[in-house]
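Index from 1, following the sequence.
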Amino acid sequence: MVGDLPVDGECSVCGGNLESIEEQIEKKRKPFDEPQMYRETWKIVRCADCGHIEEKELLNSELLN
């Protein structure tokens with residue numbers, strides 16, 4: 001994860017404060033021949049209190065091989 005930033009608004013579940021984070025995930029993509037590693041960067045807006053995810057947006061996807 002890369003830095004938590006406060007976001008205006010309230011959680012739709014508990015009414016808590018929202019925060020925005022960037023998260024990088026490495027996965028294997030499985031095409032028909034050989035699996036390839038790739039990295040996704042996501043922007044996630046979630047509740048700082050209960051963890052409910054309000055919004056999730058893919059910012060970047062890149063091959064690592």
Determine the minimum heavy-atom distance between [X] and [Y], stating which atoms define it.
X: Lys56; Y: Trp42; value: CG-CE3, 3.4 Å
X: Ile53; Y: Ile44; value: CG2-CG2, 4.0 Å
X: Arg46; Y: Gly51; value: CB-O, 4.2 Å
X: Asp49; Y: Cys14; value: CB-SG, 4.2 Å

Is any side-chain heavy atom of Ser12 closer than 4.5 Å to a side-chain heavy atom of Glu54?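 Yes, at least one pair of side-chain atoms sits under 4.5 Å.
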
Hydrophobic cluster membership, with links at side-chain heavy-atom distances under 4.5 Å among I/L/V/M/F/W/Y: are Ile25 and Met37 in one?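 The answer is no; the residues belong to distinct hydrophobic clusters.
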
Distance (rounded to the nearest 0.5 Å) between Leu59 CG and Glu40 CD: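 Reported value, rounded in 0.5 Å steps: 10.5 Å.
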
Non-neighbouring partners of Glu10 that pass side chain to side chain contact (heavy atoms under 4.5 Å, CB included), sequence neighbours left out: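 Glu10 satisfies side chain to side chain contact (heavy atoms under 4.5 Å, CB included) with no residue once adjacent residues are dropped.
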
Please enumerate all residues that pass side-chain hydrogen bond (donor to acceptor under 3.5 Å, both in side chains) together with Glu57, with sequence neighbours excluded.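 Result, side-chain hydrogen bond (donor to acceptor under 3.5 Å, both in side chains) vs Glu57: none returned.
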
